[in-house]
Structure formats: C-alpha cells, structure tokens
2 protein chains.
Amino acid sequence: MQLDRYDRHILRLLQDDGRLSNQELADRIGLSPSPCLRRVRALEEAGVIAGYRAMLDAKALGLSLMALIHISMDQHTPERFEGFEAAVRAIPEILECLLITGQSADYQLKAVVRDMDAYQELLLDRVTRIPGVTGVHSSFVLRRVVDKTALPVPGD
Amino acid sequence: MQLDRYDRHILRLLQDDGRLSNQELADRIGLSPSPCLRRVRALEEAGVIAGYRAMLDAKALGLSLMALIHISMDQHTPERFEGFEAAVRAIPEILECLLITGQSADYQLKAVVRDMDAYQELLLDRVTRIPGVTGVHSSFVLRRVVDKTALPVPGD
DNA sequence: CGAGTTTTGGAATATCCTGCCAATATAATT
DNA sequence: AATTATATTGGCAGGATATTCCAAAACTCG
C-alpha cells in the first residue's frame with residue numbers, strides 16, 4: 001500500500017492519540033471529515049493500523065517490577081518451540097516474547113509483576129517448569145528511559 | 001486509587017480496544033453510559049489510563065527488522081547517563097530504552113528499521129557515536145511470539 | 001435504624017459519525 | 001494541448017454518540 005502525505009500525517013497523529021475524533025483529525029491534516037475518515041478506514045482495512053489500545057500505567061496498577069528473562073532451550077526442534085510458545089502465551093504477566101539471535105539465549109521474555117515475591121513465583125513455578133527450558137537469566141529493569149509504541153513513519 | 005470490579009472490567013476492555021464507544025463499553029460492563037463515562041474519565045485523571053494509541057503494523061510500513069542492542073557505558077556517572085538518554089530519545093527508530101541490571105550491559109535498546117543497511121547506519125553513525133558508549137552487542141529478533149501492551153489487571 | 005455520602009440512571013443538548021452525490025482535482029491518451 | 005477517464009474531495013443530512021445535569025437509588029457509618 002502506497003502512503004501519501006495525508007496518510008502519513010494521519011498515522012503520526014493517531015499513534016500519538018488513538019482517540020482523536022475524526023473532525024479533529026481532519027482539521028489537523030487539512031482535509032474535510034469525509035475523506036479523512038475514508039483514509040482511516042482504508043488504513044485499517046489494509047492492516048497498516050492494526051488496532052487501538054488504551055495504555056495503562058503499570059505503577060498505578062501496583063505492577064512495579066519489570067524484568068527481562070533470557071531463556072535457553074535444550075533442543076531446537078519445532079515441537080519444543082511450539083510447546084514453549086503456547087505456554088508463554090498463556091501467562092498474562094509476560095508482555096513480550098521474542099525469538100532472538102546473537103545471544104546465548106533463544107528467547108527473551110518481558111514480564112511485569114507486583115514485586116520480587118511475585119517474580120519468584122512466576123519464574124520458579126511457571127517459567128522454569130515449561131518443558132525444554134534449561135537456562136534462565138534474569139535482568140531487572142531499573143528505569144524505562146524510552147517506552148514508545150509509535151513506529152517511525154517512513155517518508156518525512 | 002482503589003479499583004472495583006467495574007473499573008477493572010473497563011480497563012480490560014479498553015486495553016483490548018481503545019476505541020470502544022462509551023455506549024458499547026457501558027453495555028459490556030453492565031452500567032448505563034453516564035456512570036461508565038465518569039469512571040473512564042476518573043481513570044484517565046488518576047493516570048491509570050495513560051493514553052490511547054493506534055498500533056501500526058511494522059511490516060506494513062516496511063520496517064521488517066527489529067533488533068535489541070545492549071549498550072555498555074564507560075563510566076556510570078549521572079552526566080554520562082543523561083547525555084546518553086537524551087541522545088537515545090532523539091532517535092525515532094529506538095522504541096525502547098531500558099536501564100537494566102543483571103547483564104554485562106547497562107542499557108538495552110529496541111530498534112526497528114527497514115533492513116540491514118538501515119540498521120548498520122543506525123548503529124555505526126548514531127548509536128556508537130553517543131559519548132560514553134564503549135560496548136555494543138546486537139541481537140536480532142527472528143519472530144515476535146508475544147507482543148502485548150495489555151497489562152494484567154490485578155484482582156481477577 | 002436513620003442521616004450523610006456516594007453512585008447511579010435517564011433526559012436533554014451538543015457534538016460527532018457516516019454514507020451519498022455533485023464538484024473538483026489528477027492522470028492518461030491521443 | 002485538449003479531452004476523456006479515474007480518483008479524490010467537500011458538503012449535506014440523518015442517525016448515532018458524547019456529555020452534562022438532576023433526581024432517585026444504593027451504600028456507609030454512627
């Protein structure tokens with residue numbers, strides 16, 4: 001899908017405020033509401049806009065501990081990976097699971113929990129018990145310097 | 001701030017769809033529109049809801065390469081850290097910057113770029129040139145198994 | 001049990017969404 | 001350069017939605 005200047009402007013604004021009204025959006029990009037709405041719908045249809053989310057504050061919810069968990073697997077077979085991934089998807093505290101290269105680990109998980117007790121429970125009772133997990137290394141997040149969801153929109 | 005069952009239900013639904021209309025939201029949680037809207041506003045005021053974002057698809061934007069960059073600093077002084085953090089904030093390709101413990105690195109960055117050429121340019125021309133950066137280690141993301149923004153809402 | 005506080009539901013007004021159509025702009029062709 | 005074809009826009013109208021206000025209901029605490 002080819003994006004023109006209007007589309008890119010829409011994407012930038014909606015990445016910043018996903019609840020902008022169509023009128024406000026139309027004003028800011030310099031179009032009238034109807035073509036503006038049509039473009040937004042087209043971007044949604046094309047899958048460029050994948051969805052809209054409310055972003056919550058972890059601290060306000062009492063989730064003050066964020067950790068990165070590096071996981072090593074015993075064997076690199078599809079069955080092992082599928083089992084691990086299914087197990088990880090079922091854990092709500094795990095926000096991210098990346099299959100990575102360039103480290104000794106196979107996966108990096110990002111987890112958010114209340115405190116160290118909860119972290120210990122997560123790690124020992126749930127993560128390390130997933131079949132195939134041999135190595136685990138934890139990194140704790142001291143501070144979130146940058147935490148954006150906004151992708152750089154090409155062509156500016 | 002104390003959250004009751006209605007609040008938690010609101011948070012769960014809005015984390016999933018940030019553009020739910022207030023009417024629809026009210027229906028689903030079993031309240032009429034006015035108290036529902038008042039609760040949403042209160043959650044926004046209290047900072048529990050930090051904002052609303054449109055989530056874009058990186059591939060659809062031609063951003064097919066995601067990498068994790070581990071950074072080591074020469075000295076752990078506040079000035080060094082502040083300088084680094086300001087520089088990192090100014091790079092739109094960097095979506096996340098975490099100050100971490102438990103690794104040899106000090107920071108972990110998450111970057112999204114078009115391809116390897118763009119990654120090389122980012123790393124060599126911009127990241128490694130930030131004063132104080134001594135060590136850099138790249139991990140490439142082969143697959144994003146889980147990629148949620150929804151925090152687990154306590155008390156279910 | 002009763003006074004005070006909080007929260008809810010419904011009505012009224014203002015705002016916004018959204019599909020339709022004519023008008024305009026853009027692109028292609030000869 | 002003129003003309004046709006195509007795509008895109010702007011405005012309007014009907015319907016849906018947001019938002020405020022107030023009375024009624026629910027809840028709390030002495």
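Protein chains get the first letters and strands the later ones, always in sequence-line order, with residue 1 at the start of each.
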Could you tell me how far apart [X] ([atom1]) and [N] ([atom2]) are, to the nearest whole angstrom?
X       : N      : atom1 : atom2 : result
B:Leu3  : C:dT7  : CG    : C1'   : 16 Å
B:Met1  : C:dT6  : CE    : C1'   : 14 Å
A:Glu24 : C:dC17 : CD    : C1'   : 15 Å
A:Leu31 : D:dA7  : CG    : P     : 18 Å
A:Leu25 : D:dT9  : CG    : P     : 13 Å
B:Tyr6  : C:dT6  : OH    : C1'   : 14 Å
A:Gln2  : D:dA7  : CD    : P     : 16 Å
A:Leu20 : C:dT15 : CG    : C1'   : 15 Å

Taking N or O atoms only and anything under 3.5 Å, show me the protein contacts with nucleotides 12-17 of chain D, one pair per line.
from: D:dT17; atom 1: OP2; to: B:Gln23; atom 2: OE1; distance (Å): 3.0

Next on the checklist: Quick check on D:dT19: is either OP1 or OP2 less than 4.0 Å from any side-chain nitrogen or oxygen of B:Arg41?
Outcome noted: yes
Checklist entry - Closer than 4.0 Å, any side-chain N/O of A:Arg38 to the OP1 or OP2 of D:dA7? => result no
Any salt bridge linking [X] with [Y]? Criterion: basic side-chain nitrogen under 4.0 Å from a carboxylate oxygen.
X        : Y        : value
B:Arg126 : B:Glu121 : yes
A:Lys110 : B:Glu96  : yes
A:Arg143 : B:Glu85  : yes

Next on the checklist: Counting the atoms with a prime plus P, OP1 and OP2 as sugar-phosphate, which does B:Arg39 contact under 4.0 Å by heavy atoms, base, sugar-phosphate, or nothing?
Outcome noted: sugar-phosphate
Item to check | Spacing of CG belonging to B:Asp147 relative to CE belonging to B:Met55, to within rounding of 0.5 Å | outcome: 7.0 Å
Checklist outcome for this item: Interatomic distance, OG@B:Ser104 vs CD1@B:Ile71, rounded to 0.5 Å, equals 11.0 Å
Checklist entry - With a 6.0 Å cut-off on ring centres, are A:Tyr107 and A:His70 close enough? => result no
Checklist entry - Got a donor-acceptor contact below 3.5 angstrom from the B:His137 side chain to the A:Gly102 backbone? => result yes
Item to check | Degree of bending, the helix from C:dC1-D:dG30 to C:dT30-D:dA1 (end axes from five pairs; round to 10°) | outcome: 40°
Item to check | Which residues share a salt bridge (Lys or Arg N to Asp or Glu O under 4.0 Å) with B:Arg28, sequence neighbours left out | outcome: B:Glu24
Next on the checklist: Tell me whether the count of non-hydrogen atoms from other residues, nucleotides or ligands lying under 6.0 Å of CZ in B:Arg114 goes above 12.
Outcome noted: no
Checklist outcome for this item: Of the listed D:dT19, C:dT18, D:dT9, the closest approach to the B:Pro33 side chain comes from D:dT19
